[in-house]
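One structure is given below, encoded as structure tokens.
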2 protein chains.
Amino acid sequence: MLSDRYQMLFKNLMGLYLSDGKPVGSSTLSKLPEVSLSSATVRNVLADLEQMGLLHSPHTSAGRVPTDLGYRFFVDSLLTFQLPTLGHEHAIRQQLSTDLNQDRLLQETAKLLSGMTGMASVVMLPSKAQETLQQVDFLMLSPKRVLMVLVFSDQDVQNRVVELEQSISADQLHALANFLNAECLGLSLRHARAKLMATLARVEQEHQTAELALLQSADALLSQQASERRPLMVAGKTKLIDYEEFADSQKLRQLYHALQDEQALLELFDKTLQAPGLKVFIGSEFGDDVYQSCSLVARPYTMEGEVLGVLGVIGPSRMNYQKVVPQVDLTGKILSSLLKK
Amino acid sequence: MLSDRYQMLFKNLMGLYLSDGKPVGSSTLSKLPEVSLSSATVRNVLADLEQMGLLHSPHTSAGRVPTDLGYRFFVDSLLTFQLPTLGHEHAIRQQLSTDLNQDRLLQETAKLLSGMTGMASVVMLPSKAQETLQQVDFLMLSPKRVLMVLVFSDQDVQNRVVELEQSISADQLHALANFLNAECLGLSLRHARAKLMATLARVEQEHQTAELALLQSADALLSQQASERRPLMVAGKTKLIDYEEFADSQKLRQLYHALQDEQALLELFDKTLQAPGLKVFIGSEFGDDVYQSCSLVARPYTMEGEVLGVLGVIGPSRMNYQKVVPQVDLTGKILSSLLKK
DNA sequence: ATTTAGCACTCGAGGACAGTGACTGCTATT
DNA sequence: AATAGCAGTCACTGTCCTCGAGTGCTAAAT
């Protein structure tokens, strides 16, 4: 455990570094009103903190900079929050106006987070795998083209056009809809598909070729549905160019790439899912060098108490945690309160 | 009109500059095998070309660089194309696999363009305003929640959830669907809405409150539809960081911003719509300083002969026009061939 | 009358160099 | 234990200089 003085100095150093981004030296600290120590004393403390691995000197004649471990300690033990005002809360609710379907709502949330924080935001989408079918309907566009409408239990609606091999009558279509609504409701896409396969085999024996074709198409579509979805949504990537940390365009590019399609993030999100509550990941904790000097502030969101996914913000480790952490937290809370079955 | 020698030298200079990005000097040019002139002679020519406004010296002891006017001349008069191979064409068709709805198809096209060229791509979406309703259907989710499905003449399908003030019966819903399908098909959204308004007024007098509420909701939704759509789709923005032209992150940011929501582009696209065929816009021709040293290669795309929108690629003016122009052209052709009513 | 060779000139890039200032760690003193 | 003092380190900055690429101009050559 660190003595009060050590903590105090470390916290002040953090504050200065977060706001200026330049290495902080002993004399700068000793001049602070709340620090009534000579620079020499401060120096001794800083040397100790460096020994412990919380600080680091870019070079001998520069001040100190926090290490990833230093950030960790700061976030875990020293962070005091700067709560958003009620007006702020109201503004968030406003922007997440409620009459959107789930996907759009999550998209809006991503935009909002990125706008509020000036950094990139990430939203992990609920895994569709668990959603169940609530309603299926067909619409005849032309004798050989049928529109399939799938309503999921999360209120998401998706539709696909099926091109048929041969034409189908309105009655047949109706029958098919009835069949699906009778047999497949309450099943996940995967299960519904399995059931469809079984029926398919049966129908095939009975030589009902017209329905067979439609069923086959429906099957192909359901499978298409399942694979198509990206599990991650990223907004505001371009905001990151403003930070000196990412001035090297080479690095920035790699970071963008990683944000595009990467596993590393998903693993962190999984960790966040496991142990609910807000989590901060810092630099090396990402498990990938691309995220050097990045931090992620993440939090699960829920629907009626059940954890659905994770939302968060990615930016330079040198971010204003005091503001950002409550912002992410509040946004997660509000989103959770807006999500209804 | 420029003499052959002037043209030849200018073209060679362009070639060198496009591939290296460094100012080209007289001696470099005179050493080229196809140039059998001394550097002194070349210098005289270059001085003349600079006089005419086609070239520019960054400083006294540097070589020459084309001006926007120079690019213009090059593109209009000197450009020879490097036709994509048949294999290439096949690859494009492959990626634009056909069973997508229109919006997704355009999205794929944008991705494809950006991937092929390594630059940002822009697709101007067909103005929905002209599309007509082809089919309307309702699905009852619960007594107070109704899903509205709109099928447009361009095969696009959109759906919205209507939250009702009071519950509605299946019969009423059916009647409403019939009414809309009878009255509003073949009308644009705007016209359909106008018709709805008229009916609304009549129904109001007859005090059919249940239908009234639904109609009102439907109206609100139709209007929502109309405004919601972004006219422009941009893909691959982040590819631009790789070009030295955009190394200044300040400028890059502004460019991103402009690409986000800007009018300037739409105006250029309008010009492209007017006079069909491929067009190239260079730097100052954008009419906005943000696009300094950018070029846009754009081309309309059609559906069954009728111009729908414009697609294109944005990158540094110093791009490989010989490759990019045919790529954009071919993609536009293929897209047009894939779009069917 | 072109074309070319030659020459003086310009200017940016890059290296060497010294001075400055912001630090540090250590040691001796309070 | 805290501090003052001091020597040392190192990035940063500005100056000076050289180098080289490239120019424009003029006079000679074709």
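Letters A, B, ... are given to chains in the order of the sequence lines, protein chains preceding strands, and every chain is numbered from 1.
Going from atom CG of B/Leu29 over to atom P of C/dT3 covers 16 Å, rounded to whole Å. One atom, NZ of B/Lys31, and another, C1' of C/dT4, lie 16 Å apart when rounded to the nearest Å. Counting to the nearest Å, the C1' atom of C/dA1 and the CZ atom of B/Arg5 are 12 Å from each other. The NZ atom of A/Lys22 sits 16 Å away from the P atom of C/dG21 (whole-angstrom rounding).
B/Asp68 places a side-chain N or O within donor-acceptor distance of the main-chain N or O of B/Ser284, the cut-off being under 3.5 Å.
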(message) Evaluate A/Ser295 against A/Tyr321 for side-chain hydrogen bond (donor to acceptor under 3.5 Å, both in side chains), listing each step before the verdict.
(response) CA-CA 10 Å; A/Ser295 283; A/Tyr321 295 95; 2.8 Å; yes
(request) Quick one: do A/Arg72 and A/Glu285 satisfy salt bridge (charged side-chain N to carboxylate O under 4.0 Å, His left out)? Show the steps, please. (result) CA-CA 10 Å; A/Arg72 174 87 283 154; A/Glu285 297 169 5; 2.6 Å; yes
(request) Would you give a per-nucleotide map of nucleotides 10-30 of chain D, 5' to 3', where B means the base has a protein non-hydrogen atom under 4.0 Å away, S means only the sugar-phosphate does, and - means neither? (result) BS---------BSBB------
Can you give me every donor-acceptor pair (side chain of residues 45-53 of chain A, partner residue at least two apart or in another chain, under 3.5 Å) with its distance?
| unit_1 | atom_1 | unit_2 | atom_2 | d |
| --- | --- | --- | --- | --- |
| A/Asp48 | OD2 | A/Tyr6 | OH | 2.4 |
| A/Glu50 | OE1 | A/Arg64 | NE | 2.9 |
| A/Glu50 | OE1 | A/Arg64 | NH2 | 2.9 |
| A/Glu50 | OE2 | A/Ser57 | N | 3.4 |

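Looking only at atom types and distance, the side chain of B/Ser27 has no donor-acceptor partner in the side chain of B/Ser30 under 3.5 Å away.
Aromatic pair A/Phe73/A/Phe10: ring centres closer than 6.0 Å.
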